[in-house]
Amino acid sequence: MSQPNILFIVADQHNAKALGHKGHPDALTPHLDRMAREGGRFDNGITQNPICTPSRVSFLSGQYPHNHGYYSLSGPNPGGLPNIFGHFRAAGYFTGAMGKIHCPEYWVEDECDVFHESNSWRAGSIVGRSQDYTRFLRARGLEALEDHILLPEFGERGRQSVDSRPSPLAFDESQEGWLANTAIETMRKAQRRAQPFLLHVSFPRPHQCTTPCQEFWDLYDSSDLSLPPNADYDMTAAQKAPHMIASARRWRESVWQLFEPKTFEAGRLRKLHGYLGAVSQVDAALGLLLDYLRENGLAENTIVVYTSDHGDYAAEHGIMEKAPGICSDAITRVPLIWWAPGRIEAGFVADEIVELVDIPNTLCALAGIDQMETSDGRDISSLLAGDQSSAERIGLTEFTWSKSVRKGNYRLVHYPRAMFPDGYPAGFGELYDLEADPWELRNRYFDADYRSIVDELRSELLEWLITTTRPRTVSGVNSARFDTPALNQQRIQRYQTVVNRDGKINPALMHAAKNKNYL
């Protein structure tokens with residue numbers, strides 16, 4: 001086979017349970033379901049951060065947040081940190097990124113042949129709406145109706161609302177429809193240039209505003225929707241995190257609804273209605289892309305990946321969007337579906353824990369190019385071929401002051417004692433047995449019978465944090481006393497130390513160091 005094309009599709013805030021093939025009672029996702037049948041899925045894909053920018057920096061660079069340093073939105077250029085666009089471009093690929101890229105300034109743009117940002121209602125290249133999309137809307141007199149980030153009829157009150165209504169825009173006028181059509185034109189451009197392409201298409205939905213086009217809104221009826229089993233329960237008795245309890249209380253007691261009736265019960269059903277409609281809208285846009293590949297002879301030589309930057313509560317735990325994200329499997333676990341006819345086993349379902357940082361080096365392996373040495377992720381292409389992992393792996397989601405650790409059926413959330421000093425002076429944590437309690441209705445952290453599991457996962461967390469950190473300097477690695485690793489295009493030598501292009505030392509070199517006294 002020739003060097004494969006790569007189509008990397010991301011939806012913003014897609015709850016991993018909200019898929020037809022996962023048995024959701026209401027979600028209509030025929031194209032994602034077909035993609036999973038013809039390709040395969042990882043049911044335990046873990047995101048590295050529960051908010052947009054740090055998650056995206058992680059899966060586009062392959063680095064954990066504690067290494068790349070981003071924990072909030074946007075930010076300055078990460079100076080020297082490689083991303084998949086530059087890495088594949090250096091290997092001869094035509095590269096493009098379009099949609100809700102939402103990364104640090106000019107980190108992605110400068111490595112792409114085609115770039116369209118669509119994160120805001122303002123025009124601009126950094127967290128701004130693509131100027132091409134703005135011109136598209138203006139030519140049709142529709143700019144004032146665009147509503148993926150703002151319900152314009154409510155002014156500032158309508159910004160980032162979770163209340164829902166159908167959009168007045170037709171599907172091909174929406175962000176999802178326009179992005180799908182623009183991506184198809186970009187693939188054609190790459191074909192005319194006779195280059196393989198790496199194209200990243202990032203749909204803004206189902207992130208709020210949850211305003212699907214009328215045809216997708218009409219797929220659902222608020223009165224017939226099924227609330228998740230953990231929509232209503234005693235969170236205090238379940239020993240949930242204090243800030244999660246407070247968040248759920250705010251949603252239930254405050255007036256956030258914009259439409260009538262303005263009750264909590266009616267509002268959350270509208271939110272769920274709009275959310276599922278937005279999921280179906282993303283599904284339809286993905287369907288356009290896969291159909292284009294099938295109908296134009298590209299399917300056999302294209303690898304398609306679908307995932308999300310993080311999940312959404314989608315009415316779980318009485319919470320309407322994603323915060324506080326570290327607390328729930330609804331946020332830390334994401335869909336991860338791969339499709340590559342003839343290259344990967346069709347219909348596989350993998351239970352192994354994998355992480356979004358695994359995407360870059362797995363794509364490198366499948367494309368036959370050098371691995372990204374600056375990536376912390378693994379090559380999981382053997383799992384795509386149907387092999388089983390020989391090691392039980394952990395999956396990490398990070399905030400600066402909290403970490404979620406997934407291993408096997410258990411998920412631990414570690415907080416420092418200073419997080420909740422009043423209510424829990426001796427410390428607070430969360431532990432869930434996801435086999436017995438998939439909806440996380442009972443925190444087992446304080447149960448004596450689970451103490452050994454807490455200790456094991458906390459030890460795993462400490463080991464992981466130490467052994468995966470990329471320092472800028474450290475004695476005992478690459479000094480003149482020892483063999484210095486050979487230089488390549490991903491490495492540079494400064495004084496007596498070989499580092500990667502981002503100025504940091506690869507943990508693999510520390511693992512192999514002959515003298516660990518100064519590590």
Side-chain angles (χ1 to χ4, degrees), residues 1-11 14-24 27-46 59 84 88 93 180 183-184 187 191 196-201 203 279-280 282-308 333-369 377-390 393 395:
M1 291 183 179
S2 60
Q3 206 161 30
N5 303 305
I6 295 167
L7 181 57
F8 179 24
I9 303 170
V10 170
H14 189 170
N15 183 303
K17 302 183 189 78
L19 290 159
H21 63 263
K22 288 296 295 175
H24 191 279
L28 299 172
T29 54
H31 301 288
L32 284 161
D33 298 344
R34 180 181 176 186
M35 181 183 178
R37 288 195 306 272
E38 295 177 350
R41 70 180 199 254
F42 291 97
D43 280 350
N44 290 307
I46 305 299
F59 63 62
I84 59 173
F88 274 80
Y93 271 73
I184 288 169
M187 288 188 277
Q191 287 180 278
F197 59 78
L198 166 65
L199 180 57
H200 175 44
V201 182
F203 297 119
V279 167
S280 293
V282 168
D283 178 81
L286 173 135
L288 290 178
L289 296 172
L290 293 184
D291 285 346
Y292 172 78
L293 297 176
R294 295 183 185 105
E295 294 164 6
N296 289 273
L298 296 176
E300 296 298 323
N301 199 37
T302 302
I303 299 163
V304 182
V305 183
Y306 177 87
T307 190
S308 183
R333 187 166 59 88
V334 292
L336 184 55
I337 306 172
W338 293 67
W339 183 89
R343 291 181 183 269
I344 64 175
E345 181 187 28
F348 79 85
V349 179
D351 291 326
E352 286 91 347
I353 292 170
V354 297
E355 300 178 298
L356 294 193
V357 288
D358 298 335
I359 291 172
N361 274 340
T362 303
L363 291 175
C364 289
L366 294 172
I369 68 173
R378 305 184 190 185
D379 167 16
I380 57 171
S381 57
S382 62
L383 297 179
L384 293 168
D387 294 344
Q388 291 186 331
S389 174
S390 59
R393 189 180 176 188

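One-based numbering along the sequence shown.
For Phe88, the ring pair (Phe, Tyr, Trp, His ring centres under 6.0 Å) partners two or more places apart in sequence, or in a different chain, are Tyr93. For Ser280, the side chain to side chain contact (heavy atoms under 4.5 Å, CB included) partners two or more places apart in sequence, or in a different chain, are Leu28, Phe216, Leu219, Tyr220. Residues passing the side chain to side chain donor-acceptor pair (under 3.5 Å) test with Thr307, sequence neighbours excluded: none. Thr362 pairs by the side chain to side chain donor-acceptor pair (under 3.5 Å) definition with nothing, not counting sequence neighbours. Judged as a side chain to side chain donor-acceptor pair (under 3.5 Å), and not counting sequence neighbours, the contacts of Trp339 are Glu38. Glu345 pairs by the side chain to side chain contact (heavy atoms under 4.5 Å, CB included) definition with Phe348, not counting sequence neighbours. The side chain to side chain donor-acceptor pair (under 3.5 Å) check on Asp33 picks up His21, Thr29, with sequence neighbours excluded. For the side chain to side chain contact (heavy atoms under 4.5 Å, CB included) test, residues two or more places apart in sequence or in another chain that qualify with Ala27 are His24, Leu276. Remark: Lys22 engages Leu19, Arg41, Asp43 in a side chain to side chain contact (heavy atoms under 4.5 Å, CB included) (not counting sequence neighbours). Legend: residues meeting ring pair (Phe, Tyr, Trp, His ring centres under 6.0 Å) with Phe8, ordered by chain and number and at least two apart, are Phe59, His200.
With respect to Phe42, the side chain to side chain contact (heavy atoms under 4.5 Å, CB included) criterion is satisfied by exactly one of Leu384, Val334, Ile337: Leu384.
Of all heavy-atom pairs between Pro4 and Pro196, the closest is O-CB, 4.0 Å. Smallest separation of non-hydrogen atoms from Ala11 and Ser308: O-OG, 2.7 Å. Taking each heavy atom of Ile46 and Gly395 in turn, the nearest pair found is CG2-C, 4.0 Å. Across every non-hydrogen atom of Ser2 and Arg343, the tightest pair is O-NH2, 3.0 Å.
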Test side-chain contact (heavy atoms from CB on, under 4.5 Å) on His14 and Val282 and set out the steps. CA-CA 10 Å; His14 189 170; Val282 168; 5.7 Å; no
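One distance of note links OH of Tyr292 with OG1 of Thr302; it measures 9.5 Å at 0.5 Å rounding. For the atom pair CG (Asn301) and CG (Leu293), the distance works out to 10.5 Å, reported to the nearest 0.5 Å. Distance check, rounded to the nearest 0.5 Å: CG of Asp283 to CG of Leu32 gives 4.5 Å. Annotation: the span from Arg378 atom CZ to Ile359 atom CD1 amounts to 15.0 Å, rounded to 0.5 Å. If you take CD1 on Ile84 and CG on Asn361, they are separated by 10.5 Å, rounding to the nearest 0.5 Å. Expressed to the nearest 0.5 Å, how far CG of Leu7 lies from CG of Leu289 amounts to 5.5 Å.
Contact of the Trp338 side chain with the Leu366 side chain is registered, since non-hydrogen atoms from C-beta on lie closer than 4.5 Å. Side-chain contact check for Val305 versus Leu336: some heavy-atom pair is nearer than 4.5 Å. In this structure, Met187 and Asn5 have side chains that are not in contact, with every pair of non-hydrogen atoms separated by 4.5 Å or more. Put simply, the side chain of Ile369 reaches to within 4.5 Å of the side chain of Gln3, judged on heavy atoms.
Within the structure, the salt bridge (Lys or Arg N to Asp or Glu O under 4.0 Å) test picks out the following pairs touching residues 347-358 (sequence neighbours left out): Glu355-Arg393, Asp358-Arg393.
Without hydrogens or angle criteria, Asp379 side chain to Ser381 main chain gives a donor-acceptor distance under 3.5 Å.
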